[in-house]
There are 2 protein chains.
Amino acid sequence: MGMQRPADQNSETVDRMIKAAEELFAEYGHENVSLRQLTSHAGVNVAAVNYHFGSKELLVEAVFQTLVQRVCDQRELALEKLERGDTLTLEEVVRSFVDPYLGNGNEKQGALLARFLMRNRLYPTDGTRRVVSEYLDPMAKKYIAAFAQVCPKLSKEQLVWRYLFMTNTLAASSAGDNLSRRLESLSPDTGKAELQDRREAMIEFLISAFR
Amino acid sequence: MGMQRPADQNSETVDRMIKAAEELFAEYGHENVSLRQLTSHAGVNVAAVNYHFGSKELLVEAVFQTLVQRVCDQRELALEKLERGDTLTLEEVVRSFVDPYLGNGNEKQGALLARFLMRNRLYPTDGTRRVVSEYLDPMAKKYIAAFAQVCPKLSKEQLVWRYLFMTNTLAASSAGDNLSRRLESLSPDTGKAELQDRREAMIEFLISAFR
DNA sequence: AACACGTTCAAATGATAGTTTGAAACTGTA
DNA sequence: TACAGTTTCAAACTATCATTTGAACGTGTT
């Protein structure tokens, strides 16, 4: 009776809901997706969300956490690999940071996570704050240490600021395709912007910013 | 009967609603403010919004437009003043761009506009797109021309990219006070971040990014 | 006074949202 | 087969929202 399900592990239904949530949230944003849309797209009953997750918000946070965890793992792995080599360069560090967002095959997860992070900046909740401090902050410290190696001239304080500005730039510039349309209207001769162009421009921008 | 009011000019009620909207939207975001909250905070009747603006969305866009217009005017004025002098420096251009957001006395309008712009990046509407292309794009072109003067080494395409990244960095880093809290947790010894610190760090970051 | 017009008001309307319910269906166990 | 626990389902519930309505109010004009 009314037994609370704190964290369901594996279930066909749960997987389908998370998959549907990622797809729909990426396209419309989670506040514009009703549970009825979500569950009918997933092929499950409306009540399934509350049964398996407890509430819509907890489902949203589960998706957010999954995504953040994935990106943090990618980054930390890449960073460790770089640090096993003997010479660390600024470009390598920046690329490893940007790649999970704008790298090949990562476009969708990057855009979705960017939306979440922007959303979290505007309207944070206890749950999203928890995810940030649990996953993002530890990764941030490792990256700041790496930047300290390749930018020895910058003070600790400067490094932290620039790191934060970098994350904001990356997230804001990866969310949605507004940027491409804006580019076209500001520079019609440049033509349409491919995702690769954006990534390379972003990397150049960030490398400059850390010098 | 049912006469549509395309653009009300001056009215005690209209002014009170816009003022209340700016205050409440800045604090909670416009999707978290109901018309009942807004109108009771403004001291007017619920129906006044639809009577004077046509819908909630049109009120939101009116506030957005007012704000964008104000910031664009400030920037264009500052830029013209700079260009009347004989030597234009990168730092001056950047400062004139950042100032309407993080300058003294502009904190509230900066934070509010930043929220709107972030919101617009996530969920644009026809109305917000119109404001962007009508006010922001012309100003952007003037600024890109100014950056071209002080950064002669950068190609037109590079200038446009960096300009866009700059606006994203500024908006994302001005929305809300998350950044300060994040800084504290990443660099406890730095202590609390004043707004001035943020502005100076931001300016250094952007100057670097354009070199 | 009588009228017309713009404005304000309390109340109703209609739609949509997340959530809850209780019975049915399904699962594996004895 | 009978039973217990879990999961699914259609339907109802509760709340909130933007919007509309039609009467009341105020004001200036004739």
Side-chain angles (χ1 to χ4, degrees), chain A residues 1-22 24-25 27-64 116 119 122-123 125-128, chain B residues 1-22 24-25 27-64 116 119 122-123 125-128:
Chain A
M1 39 183 66
M3 213 185 241
Q4 277 304 75
R5 213 139 310 285
D8 253 17
Q9 34 265 36
N10 41 4
S11 142
E12 177 71 22
T13 308
V14 168
D15 292 346
R16 285 231 296 277
M17 281 191 287
I18 289 200
K19 188 156 178 285
E22 288 194 1
L24 294 179
F25 291 172
E27 182 140 15
Y28 306 106
H30 66 260
E31 52 240 14
N32 296 323
V33 176
S34 72
L35 290 188
R36 286 174 175 80
Q37 290 176 256
L38 180 92
T39 50
S40 78
H41 185 259
V44 303
N45 189 269
V46 209
V49 170
N50 281 276
Y51 180 74
H52 287 280
F53 290 94
S55 71
K56 181 187 183 182
E57 193 176 324
L58 288 172
L59 163 62
V60 170
E61 285 168 11
V63 174
F64 181 50
F116 267 110
R119 212 336 186 121
L122 294 179
Y123 314 114
T125 66
D126 288 344
T128 59
Chain B
M1 38 189 65
M3 211 184 242
Q4 278 303 76
R5 213 139 310 285
D8 252 16
Q9 34 266 33
N10 41 3
S11 144
E12 177 71 23
T13 309
V14 168
D15 293 345
R16 285 232 294 277
M17 280 191 287
I18 290 200
K19 187 157 179 287
E22 287 194 1
L24 293 179
F25 291 173
E27 182 141 15
Y28 306 106
H30 66 260
E31 53 242 14
N32 297 325
V33 177
S34 72
L35 290 187
R36 286 175 175 78
Q37 289 177 258
L38 186 113
T39 51
S40 79
H41 185 258
V44 303
N45 189 269
V46 208
V49 171
N50 281 275
Y51 180 75
H52 287 282
F53 290 94
S55 69
K56 180 186 183 182
E57 194 175 324
L58 288 173
L59 164 62
V60 170
E61 285 167 13
V63 174
F64 181 50
F116 266 110
R119 216 326 188 126
L122 293 180
Y123 314 113
T125 66
D126 289 344
T128 58

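Each chain gets a letter, A, B and so on, in the order the sequences are listed, and its residues count up from 1. Only a predicted model underlies this, so the values are computations on that prediction, with no experimental measurement involved.
- Atom CZ in B:F53 sits roughly 16 Å away from atom C1' in D:dA18 (whole-Å rounding).
- Side-chain N/O atoms of B:H52 include none lying less than 4.0 angstrom from OP1 or OP2 on C:dG6.
- Aromatic ring orientation, A:H30 versus A:F116: parallel (interplanar angle below 30°, classes split at 30° and 60°).
- As a whole-Å value, the separation of A:Y28 OH from C:dA17 P is 14 Å.
- For the residue pair A:L24 and A:H41, the shortest heavy atom distance occurs at CD1-CB, 3.9 Å.
- Taking atom OH of residue B:Y51 and atom C1' of nucleotide C:dC5, one finds them 9 Å apart after rounding to whole Å.
- Atom CG of B:N50 and atom C1' of C:dT7 are 14 Å apart (whole Å).
- The shortest heavy-atom contact between B:L58 and B:F53 is CD1-O, 3.2 Å.
- The shortest distance between the side-chain N/O atoms of B:T13 and the OP1/OP2 oxygens of C:dT8 is below 4.0 Å.
- Between the NZ atom of A:K56 and the P atom of C:dT16 there is a distance of 15 Å, rounded to whole Å.
- Rounded to whole angstrom, the span from the CG atom of B:L35 across to the P atom of C:dG14 amounts to 19 Å.
- In this structure, the CG atom of B:L58 is 14 Å from the P atom of D:dA18, given to the nearest Å.
- Counting only heavy atoms from C-beta on, B:A47 has its side chain closest to D:dT21 among C:dT19, C:dA17, D:dT21.
- Applying the 4.0 Å criterion to OP1 and OP2 of D:dT7, one finds that A:N45 has every side-chain N and O outside that range.
- Rounded to a whole Å, the CD atom of B:E61 is 15 Å from the C1' atom of D:dA18.
- Annotation: of the two residues near DNA chain C, A:R36 and B:V44, the 5′-most nearest-nucleotide partner is B:V44.
- In summary, the side chains of A:Y123 and B:E31 do present a donor paired with an acceptor at a separation below 3.5 Å, with no hydrogens or angles considered.
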